[in-house]
There are 2 protein chains.
Amino acid sequence: MNARPEGPSGPLRRRPVQRRSAERLERILDASARLLEESGYGALTTREVARRAEVPIGTLYQFFTGKDALVAALAERNLERYLARLARRIECEAPAHVAALTDLAVEEFVAMKRAVPGFGVLDFGVVGPPGNRAEQHILDAVLDNNAAVAQRLGTLIGGMLESREGADPEGGADPSLALRVAMECADAVLQLAFRVDPDGDPALIAECKRVLRRYLAPGPG
Amino acid sequence: MNARPEGPSGPLRRRPVQRRSAERLERILDASARLLEESGYGALTTREVARRAEVPIGTLYQFFTGKDALVAALAERNLERYLARLARRIECEAPAHVAALTDLAVEEFVAMKRAVPGFGVLDFGVVGPPGNRAEQHILDAVLDNNAAVAQRLGTLIGGMLESREGADPEGGADPSLALRVAMECADAVLQLAFRVDPDGDPALIAECKRVLRRYLAPGPG
DNA sequence: TCATTATCATGAGCGATGCTCATGTTAGCC
DNA sequence: GGCTAACATGAGCATCGCTCATGATAATGA
């Protein structure tokens with residue numbers, strides 16, 4: 001799924017072929033992340049990013065189709081890093097039930113919010129971006145960002161999330177739908193947790209885990 | 001709480017005193033809502049709003065301190081309308097338990113998403129606005145928008161939401177915290193529901209109710 | 001009634017933004 | 001060296017949010 005034959009970042013105008021170009025692209029992404037971390041989304045201007053990355057503004061637009069694409073590429077890099085880290089932790093700790101797994105996912109997310117520059121602002125893509133809706137659909141051509149995340153997570157955790165008993169009589173809840181909903185909730189609550197407290201409000205992080213546990217637990221309701 | 005001695009919309013630069021001015025202000029808000037509904041947040045430019053409202057751009061800035069304030073005022077108007085409608089329905093149907101009440105709140109929210117222009121994009125305030133963080137704190141000087149909503153909702157539903165048993169041993173979960181978290185989740189899932197389907201995906205709306213029911217239900221977990 | 005003053009309305013224009021594209025520069029090959 | 005294709009560059013364009021000098025209008029006093 002989500003085959004990306006043309007490289008690590010979908011909406012690239014030109015893919016860096018030479019080593020030097022690739023480094024420049026990485027520099028641009030890093031500069032964006034740092035700027036985001038330091039001054040927030042409002043300060044993320046293409047001119048400033050280019051200045052910090054020490055590339056002329058034109059070069060930025062050789063790689064990215066626009067500011068949206070730059071942001072999307074950064075979100076995608078964040079997602080890749082998160083999935084890699086989560087996969088390692090799942091492998092290490094081998095959680096037995098859904099609750100342990102969601103706790104793990106939340107903890108890893110929180111860890112990245114604290115550690116990775118710009119992750120606190122963007123994570124996997126601004127959910128309510130002001131501009132054109134197109135921004136949301138760059139990670140995956142059809143699904144929006146959180147859906148793509150849910151999909152990737154779904155393959156990661158396998159069939160651990162079976163359809164819950166006691167769900168709608170017309171066939172039970174779709175596990176992928178549940179995952180999607182859980183993603184959306186977790187994102188929202190954690191976003192709040194880090195808006196309230198730069199280090200992530202512990203009470204809200206706990207509540208996030210509780211929401212997920214209760215929502216994803218088997219049983220009626 | 002949240003006393004607003006200076007009028008219906010906090011960040012107004014000048015409050016309309018004459019009838020004609022008040023109508024102009026309302027026209028500006030209506031134009032914003034229509035524009036939002038038709039073309040989304042990205043098309044919401046002050047010039048276009050002024051053009052549609054048939055006021056010169058300067059007049060817009062006589063009332064509002066800036067674009068953020070305009071958006072916030074619209075969000076606030078949405079909130080007032082929602083709370084009024086919800087209060088009426090609660091009065092009519094007198095829900096006995098939390099589940100019935102949250103269902104009601106969700107249904108009324110969905111109804112407004114369908115009926116009120118611009119509500120689908122804004123509802124009570126863009127959660128992840130690109131620009132300065134200030135935009136979030138206009139509805140209430142201290143709390144962000146969803147928190148203000150949660151607070152107002154809290155007074156509306158009274159003590160129906162008691163602290164759940166089996167919560168943290170160190171004193172039980174704070175009901176207002178729970179309400180806040182529930183708000184955030186509901187907002188996120190419903191936002192998704194209307195992103196997927198302009199009329200609101202029924203399955204996602206149902207899942208939203210389920211999330212709230214499960215999260216807010218008494219009992220351990 | 002007409003000055004005078006205070007208030008409101010107006011839109012040209014400012015700085016900044018996202019982005020383009022003509023022009024200059026380099027790399028690779030014969 | 002001459003030629004060509006690929007890349008790098010930043011002045012400049014349209015548009016944005018927003019201001020503020022100027023003109024219109026209402027209120028006040030004699």
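A quick note: this is a predicted structure, and the numbers were derived from the prediction, not measured. Below, read A as the first sequence line, B as the second, and so on, with proteins coming before strands; counting in each chain starts at 1.
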(message) Counting only side-chain heavy atoms from C-beta out, which of D:dT9, C:dA9, C:dT20 sits nearest to B:Q62?
(response) C:dA9
(request) Find the distance B:L44:CG to D:dT15:P and express it as a whole number of Å. (result) 17 Å
(message) Could you check whether A:F124 and A:F119 have their ring centres less than 6.0 Å apart?
(response) yes
(message) Of the listed nucleotides (C:dA9, C:dT17, D:dC16), which one gets closest to any side-chain atom of A:T45?
(response) C:dT17
(message) I'd like to know if A:R195 and B:E184 make a salt bridge, using a cut-off of under 4.0 Å between side-chain N and carboxylate O.
(response) yes
(message) For B:T46 and A:P56, find the nucleotide of DNA chain D closest to each by heavy atoms; which residue's nucleotide sits nearer the 5' end?
(response) A:P56
(request) Report yes or no: is there a donor-acceptor pair, N or O only, under 3.5 Å between the side chain of B:R51 and the base of C:dG11? (result) no
(request) Please state how far atom CD in A:E48 lies from atom P in D:dG10, giving the value in whole angstrom units. (result) 16 Å
(message) It should be established whether B:T59 places a side-chain nitrogen or oxygen under 4.0 Å from OP1 or OP2 of nucleotide C:dA9.
(response) no
(message) Can you identify which nucleotide, out of D:dT19, C:dA9, C:dC19, has its nearest atom closest to the B:I57 side chain?
(response) D:dT19
(request) Using the closest heavy atom to pick a nucleotide of DNA chain C for each, name whichever of A:R47 or B:V55 lands nearer the 5' end. (result) B:V55
(request) Please report, rounded to the nearest Å, how far the P atom of D:dC18 is from the NZ atom of B:K67. (result) 8 Å
(request) Whole angstrom is fine here: how far is it from CG in A:L25 over to P in D:dA8? (result) 11 Å
(message) Tell me if the CD atom of A:E54 is crowded by more than 12 foreign heavy atoms within 6.0 Å.
(response) no
(request) Rounded to the nearest angstrom, tell me the gap between atom CG in A:L60 and atom P in C:dC19. (result) 9 Å
(message) Rounded to whole Å, please give me the gap between CZ in B:R27 and P in C:dA9.
(response) 11 Å
(request) With the side chain of A:R13 defined as its heavy atoms from C-beta on, choose the nearest nucleotide among C:dT20, D:dT9, C:dG18. (result) C:dT20
(request) Check the distance between C:dA9's P and B:I28's CD1 and give it to me in whole angstrom. (result) 10 Å
(request) Answer yes or no: does a side-chain N or O of A:Y61 lie under 4.0 Å from OP1 or OP2 of C:dC19? (result) yes
(message) One thing to verify: whether B:R88 and B:E93 come together as a salt bridge, which I'm taking to mean a side-chain N less than 4.0 angstrom from a carboxylate O.
(response) no
(message) Could you check whether A:R214 pairs with A:E207 (Lys NZ or Arg NE/NH1/NH2 to Asp/Glu carboxylate O, under 4.0 Å)?
(response) no
(message) If I take atom CD in residue A:E23 and atom C1' in nucleotide D:dC7, what distance separates them, rounded to the nearest angstrom?
(response) 16 Å
